[in-house]
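Working notes for the structure below.
First the proteins, then the strands, lettered A, B, ... as listed; each starts at 1. Only this structure's heavy atoms are used, side chains among them; waters, hydrogens and symmetry mates stay out.
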Amino acid sequence: MSEIQNQSNQAVSSESGPLSAFDLFKRQDREVAKKAIAARLLRNGVKQEDPVDLSYVPKEGETLEPLTPESGNEALEVYRHSTAHLLAAAVLDLYPGTKLGIGPALLDDPKGGFYYDFQRPEGERFTPEDLPKIEKKMRDLIKRNLEYKRLEMPKAEAEKKFAELGEPLKCELIEEKAGATVSCYTIEGTPFVDFCLGPHIPSTSKIKAIKLLSIAGAHWKGDETRPQMQRIYGTSFFSQEELDDWIKQKEEAEKRDHRRIGPELDLFSFSDAIGPGLVLWHPNGALIRKVIEQFLNDELYRRGYSFVNTPHVTQSELFRISGHLENYQEGLYPPMTDKENEQIEYRMKPMNCPFHIQIYKSKQRSYRDLPQRYAEYGMVYRYERSGVTHGLMRARGFTQDDAHLFCTPEQLVGEVIACLDLVDFVMKAFGFEYKAELSVRHATDHSKYLGSDEVWTMAEAALTDGLNQYGLPYVRMEDEAAFYGPKIDFKVVDAIKRTWQLSTIQVDFNLPQRFGIEFISSDNKPHQPIMVHRAILGSFERFFGILIEHYAGAFPVWLAPVQAIVLPISDKYNEQAQKVEAELKAAGHRVASDQRSEKIGAKIRDAQLKKIPFMLIIGEREAEAGTVAVRDRVKGDQGAIPVAEFAARLSELNKTRALTT
RNA sequence: GCCGACUUAGCUCAGCUGGUAGAGCGUCUGAUUCGUAAUUAGAAGGUCAUCGGUUCAAAUCCGAUAGUCGGCUCCA
């Protein structure tokens with residue numbers, strides 16, 4: 001990375017005036033200067049958080065590095081933020097009287113891009129037909145190569161200026177956020193002025209590839225009590241190729257959408273007669289779920305878990321004690337009143353933990369009994385607001401693969417390591433890469449956290465030691481812990497590089513205290529056990545949705561509802577097909593046969609669309625030889641092999657949970 | 001919950017500014033007996049999401065309800 005010392009700046013500034021970042025870069029390397037869109041600022045060699053404009057004139061002790069398209073997210077953020085300004089300029093030009101909200105860049109996929117919030121005058125609003133017009137105007141502005149100008153002024157002056165411009169929301173922001181000096185940006189030749197920290201690209205022609213995406217409602221500052229504005233989403237890239245790739249990626253994600261694939265492959269559905277967010281698992285989906293459950297069952301037994309079962313409803317009292325009633329009132333289904341005693345109300349359960357605690361509490365526990373590990377695939381019900389349900393990903397009724405560990409402080413590290421190993425084992429089985437995040441308390445401000453310093457220090461140390469001993473790299477997130485304890489979260493990366501938050505390991509100081517659970521230690525005195533909540537898949541519903549998208553519906557053999565389908569060439573070989581089907585079924589495989597009077601091409605096509613891993617074709621040759629011609633859904637025709645050989649192959653794939661054939 | 005869009009046969013979708021429904025796929029019945037991604041003929045199938053209104057007349061216009069979809073932390 002080229003680096004320009006301020007000394008050189010001072011050396012020349014006497015003759016030709018002070019030199020800007022751009023001037024300095026140009027001296028160093030014309031090509032780099034041409035590509036630069038902003039500059040990274042180093043003060044006494046220390047990188048400053050916010051980049052600066054190319055017009056920035058460095059001060060004593062400051063060094064600059066160019067920010068180019070190759071600089072990654074830092075540059076992309078500046079670029080997209082500038083595109084958001086361009087959008088606002090185009091909108092103001094086309095729709096005078098529009099008030100500005102905010103317009104930040106977005107980096108996270110799938111929302112990568114930017115948006116700008118607008119308030120149109122009473123009675124006016126954007127419609128989807130406006131987007132092409134606005135986009136066209138943006139392109140016009142790009143062609144005119146207009147300059148992004150930075151203005152600085154005292155706070156009072158800025159407030160006056162925006163008041164004159166009729167931008168009340170901007171005034172509110174200045175009031176709240178601004179220091180003594182306020183910076184603004186304009187785009188030359190447009191009515192656009194924005195209160196903005198910057199930095200921005202030097203001129204509109206730097207913007208190479210844009211696309212406006214959608215219009216949505218958004219409340220000012222995300223606050224529902226504030227007026228609703230119209231938000232325009234868009235995205236921009238340094239090149240058309242990158243934009244095209246992004247569009248392709250989006251289309252790929254749409255093709256994989258579990259809400260499309262689910263009904264297509266007859267995996268699950270929703271029914272208006274039942275209600276939003278309540279899932280019907282069809283035979284194919286339920287079968288996959290059973291296979292996953294069986295896989296987990298075996299593993300959990302092996303790892304010393306006990307299985308428990310608890311009811312779906314409970315007297316509200318349980319959740320009053322746990323604090324959920326107070327804190328999550330909105331998220332609960334409304335209460336049911338007891339028929340015989342109006343004083344008693346029941347609730348659908350939103351969590352399993354208090355039930356497991358009741359099991360723990362059912363008798364006195366000795367330190368010799370610990371750890372207790374209770375696992376349950378517990379169905380819980382949360383009243384998600386009507387606008388937020390999303391297929392299997394966000395449902396109102398879902399099944400947690402929940403477990404609660406009750407242990408002594410000394411046992412915590414060991415339990416953490418065991419959980420890490422379980423997460424690793426399960427994620428690898430499904431072919432997921434993953435990353436870990438350790439969420440701990442704020443370094444100094446502990447006011448919002450419950451529990452003593454002593455116990456927090458112990459728990460954070462146990463999680464950290466566990467991660468280190470297990471050898472798992474992690475990101476430490478300060479101030480991201482839950483109020484009730486520190487945690488480790490896992491993010492998996494799917495087949496098309498999207499990340500999903502799945503597993504979690506959380507230490508809880510709150511519930512043991514609220515429910516007053518204890519164990520008798522070797523000192524013959526009661527102590528409070530450490531409680532750990534842990535989920536691997538999170539919820540079966542959501543995990544299934546993620547799996548469908550991860551595999552695009554083409555499940556590996558061990559999960560596929562139908563692992564192989566027998567396809568007779570014509571009716572003449574139906575009998576042989578039935579024999580082969582029966583033989584494979586007897587060997588424990590999930591096999592079907594297609595005995596319709598269709599041509600083989602049609603049968604193959606249908607099997608292919610159902611994403612069945614193997615097609616076993618039987619014609620005259622195979623019937624005579626007792627073989628099947630194996631067609632792999634990915635690799636195509638594999639030639640004929642004896643039925644027994646195919647059965648052995650299927651067994652092997654199933655046993656090893658192979659992800660490919 | 002809020003903003004916007006959408007809801008027509010099992011599925012995907014046509015149906016122009018109101019004149020009372022159409023295709024492809026699928027299903028069913030028959031013919032065909034076929035060698036690696038769609039053989040063929042015929043038939044059945046819809047209170048146009050639901051309820052209400054305007055009109056001589058509503059899938060079409062208006063309103064309400066339900067459901068689905070895109071959003072509603074990202075800051076000057």
Side-chain angles (χ1 to χ4, degrees), chain A residues 50 77 80-81 84-85 100-108 110-111 113-117 125-128 155 158 162 167 169-179 181-185 194-198 213-233 254 257 259-260 263-264 266 269-277 330 383-391 567-574 595-610 615-622 629-633 636-640:
Chain A
D50 297 315
E77 188 165 3
R80 286 180 170 168
H81 188 191
H85 277 210
L100 299 175
I102 57 166
L106 304 167
L107 291 174
D108 300 342
K111 292 204 224 160
F114 59 85
Y115 66 78
Y116 214 109
D117 286 344
R125 83 156 65 100
F126 295 114
T127 67
K155 185 170 176 177
F162 280 99
E167 295 285 2
L169 301 174
K170 287 291 168 192
C171 290
E172 189 182 321
L173 284 180
I174 294 170
E175 187 60 40
E176 275 173 30
K177 308 246 179 187
T181 308
V182 167
S183 61
C184 296
Y185 280 81
D194 199 352
F195 166 52
C196 178
L197 202 56
L213 301 168
S214 62
I215 300 171
H219 292 278
W220 174 236
K221 292 183 181 168
D223 180 346
E224 290 181 17
T225 63
R226 303 297 299 266
Q228 186 133 23
M229 309 181 69
Q230 278 191 295
R231 173 173 298 181
I232 298 180
Y233 278 94
E254 267 166 43
D257 193 326
R259 292 168 302 180
R260 171 201 292 269
E264 258 172 26
D266 203 10
S269 68
F270 292 90
S271 160
D272 291 356
I274 291 167
E330 287 292 298
Y383 195 85
E384 297 289 355
R385 298 198 297 174
S386 58
V388 305
T389 58
H390 183 89
L567 307 180
I569 294 278
S570 79
D571 292 358
K572 282 191 249 170
Y573 313 107
N574 279 358
Q595 299 177 36
R596 295 173 305 165
S597 117
E598 282 291 350
K599 292 169 82 163
I600 194 67
K603 292 185 184 181
I604 286 171
R605 180 168 195 271
D606 289 344
Q608 199 78 45
L609 291 175
K610 285 184 192 154
M615 287 153 263
L616 308 176
I617 293 152
I618 296 180
E620 191 177 352
R621 297 195 291 270
E622 291 77 12
V630 178
R631 185 188 162 95
D632 184 298
R633 75 178 160 199
D637 192 355
Q638 302 287 289

Do the side-chain N or O atoms of A:Arg226 get closer than 4.0 angstrom to the phosphate oxygens (OP1, OP2) of B:C3?
-> no

Would you mind classifying the nucleic acid contact of A:Asp606 as base, sugar-phosphate or nothing, using non-hydrogen atoms under 4.0 angstrom?
-> nothing

At their closest point, which heavy atom of A:Phe126 faces which heavy atom of A:Gln230, and how far apart are they?
-> N-OE1, 2.8 Å

Which one is paired to B:C28, where only Watson-Crick or G-U wobble pairs with both distances under 3.5 angstrom count?
-> B:G42

Taking B:C74, B:G1, B:C34 as options, the one with an atom nearest any side-chain atom of A:Arg385 is B:G1

Closest non-hydrogen atom pair, A:Phe270 against A:Gly391 = CZ-O, 3.4 Å

If the P atom of B:G10 is compared with that of B:U17, how far apart are they to the nearest Å?
-> 26 Å

Give a yes/no on whether any side-chain N or O of A:Lys572 is located under 4.0 angstrom from OP1 or OP2 of B:C34.
-> yes

N/O (side chain, A:Arg259) to phosphate O (OP1/OP2, B:C69) under 4.0 Å = yes

Name the nucleic acid region contacted by A:Lys603, choosing base, sugar-phosphate or nothing; use a 4.0 angstrom heavy-atom cut-off, strictly under.
-> nothing

Determine the contact category for A:Arg125: base if any of its heavy atoms lies under 4.0 Å from a base atom, sugar-phosphate if only primed atoms, P, OP1 or OP2 are that close, otherwise nothing.
-> sugar-phosphate

A:Asp272 CG to B:U68 P, straight-line distance once rounded to whole Å = 7 Å

Can you find a pair of side-chain heavy atoms, one from A:Gln608 and one from A:Arg633, that are under 4.5 Å apart?
-> yes

Interatomic distance at C1', B:G15 relative to B:U60, whole Å = 9 Å

Take the protein atom CD of A:Glu254 and the nucleotide atom P of B:U12, then report the distance between them rounded to whole Å.
-> 15 Å

Which base, if any, makes a Watson-Crick or G-U wobble pair with B:A66, both distances under 3.5 Å?
-> B:U7

Close side-chain approach of A:Phe114 and A:Ile232, heavy atoms under 4.5 Å = no

Using atom P of each nucleotide, how far apart are B:G45 and B:U39 to the nearest Å?
-> 26 Å

Could you tell me whether the side chain of A:Glu77 reaches within less than 4.5 Å of the side chain of A:Leu107, counting heavy atoms only?
-> yes

Distance, rounded to the nearest Å, where A:Glu330 contributes CD and B:C2 contributes C1' | 14 Å

Nearest-angstrom distance, C1' atom, B:G53 to B:C74 = 45 Å

Have a look at A:Glu620 and say if it touches a base, only the backbone sugar-phosphate, or nothing, with a 4.0 Å heavy-atom cut-off.
-> base

When both distances are under 3.5 Å in a Watson-Crick or G-U wobble arrangement, the nucleotide paired with B:U54 is none

Selection from B:C74, B:G35, B:G71 that lies nearest to any side-chain heavy atom of A:Ala216 = B:G71

Identify whether any heavy atom of A:Val388 sits under 4.0 Å from a base atom; if not, whether one sits that close to sugar-phosphate; answer base, sugar-phosphate or nothing.
-> base

With P as the reference atom in both, quote the distance from B:U54 to B:U7 in angstrom, rounded to an integer.
-> 25 Å

Just checking A:Glu622: base, sugar-phosphate only, or nothing, at a heavy-atom cut-off of under 4.0 Å?
-> base

Quantified in whole Å, what is the P atom distance between nucleotide B:A64 and nucleotide B:C2?
-> 12 Å

Side chain of A:Ile569 (C-beta onward), nearest among B:G71, B:G35, B:A31 = B:G35

For nucleotides B:C25 and B:A41, find the distance between their P atoms and express it as a whole number of Å.
-> 10 Å

In whole angstrom, give me the gap between the C1' atoms of B:A59 and B:U55.
-> 16 Å

Salt bridge A:Lys170-A:Glu175, side-chain N to carboxylate O under 4.0 Å = no

Quick one: closest heavy-atom pair of A:Ala218 and A:Asp117, and the distance?
-> CB-OD1, 4.2 Å

Please determine, for B:A37, whether a Watson-Crick or G-U wobble partner exists with both distances under 3.5 Å, and give it or none.
-> none

Whole Å only: how far is the CG atom of A:Leu197 from the C1' atom of B:C75?
-> 10 Å

Spatial distance of atom CD1 (A:Ile569) from atom CD1 (A:Ile617) [nearest 0.5 Å] | 6.5 Å

Any idea which of B:U68, B:A31, B:G70 is nearest the A:Pro276 side chain?
-> B:U68

Would you kindly give the CE-to-P distance between A:Met615 and B:A38, to the nearest whole Å?
-> 13 Å

Check every strand shown and say whether A:His81 touches a base, only sugar-phosphate, or nothing at a heavy-atom separation below 4.0 Å.
-> sugar-phosphate

Closest to the side chain of A:Ser214, out of B:G70, B:C2, B:U39, is B:G70

Contact class for A:Arg631 vs. all strands (heavy atom < 4.0 Å): base, sugar-phosphate, or nothing?
-> base

Just to confirm, is there a sub-4.0 Å distance from OP1 or OP2 of B:G71 to any side-chain nitrogen or oxygen of A:His219?
-> no

Closest heavy-atom contact between A:Glu598 and A:Lys603?
-> O-CE, 3.5 Å

Would you please confirm or rule out a distance under 4.0 Å between OP1 or OP2 of B:C75 and any side-chain N or O of A:Tyr185?
-> no

5'-most contact on RNA chain B: A:Ser570 or A:Asp637, nearest heavy atom basis?
-> A:Ser570

To the nearest angstrom, the CG-C1' distance between A:Leu173 and B:C75 comes to 7 Å

Using a 4.0 Å heavy-atom cut-off across all strands, classify A:Ala607 as base, sugar-phosphate, or nothing.
-> nothing

Heavy atoms under 4.0 Å, any strand shown: does A:Ile600 hit a base, just sugar-phosphate, or nothing?
-> sugar-phosphate

On RNA chain B, nearest-nucleotide positions of A:Tyr116 versus A:Gly391: which is more 5'?
-> A:Gly391

Of B:U36, B:A38, B:C72, the nucleotide closest to the side chain of A:Arg605 is B:A38

Is A:Gly601 touching bases, backbone alone, or none of the nucleic acid, heavy atoms closer than 4.0 Å?
-> sugar-phosphate

Distance under 6.0 Å and angle within 45° of the ring axis: does A:Arg231 meet both against A:Tyr115?
-> yes

Residue matched to B:U12 through Watson-Crick or wobble contacts both under 3.5 angstrom = B:A23

Atom CG of A:Leu213 and atom P of B:G70 are separated, to the nearest Å, by 14 Å

For B:G1, the nucleotide meeting Watson-Crick or G-U wobble distances (both under 3.5 Å) is B:C72

Taking B:A37, B:A38, B:C74 as options, the one with an atom nearest any side-chain atom of A:Ala602 is B:A38

To the nearest angstrom, how far is A:Phe126 atom CZ from B:G71 atom P?
-> 19 Å

Between B:G71, B:A37, B:C34, which nucleotide gets closest to the side-chain atoms of A:Gln228?
-> B:G71

Contact class for A:Asp571 vs. all strands (heavy atom < 4.0 Å): base, sugar-phosphate, or nothing?
-> base

B:G71 base to A:Gln230 side chain: any donor-acceptor pair below 3.5 Å?
-> no

What does B:C48 pair with, Watson-Crick or G-U, if both distances are under 3.5 Å?
-> none

B:G71, B:C74, B:C34: which one has an atom nearest the side-chain heavy atoms of A:Tyr233?
-> B:G71

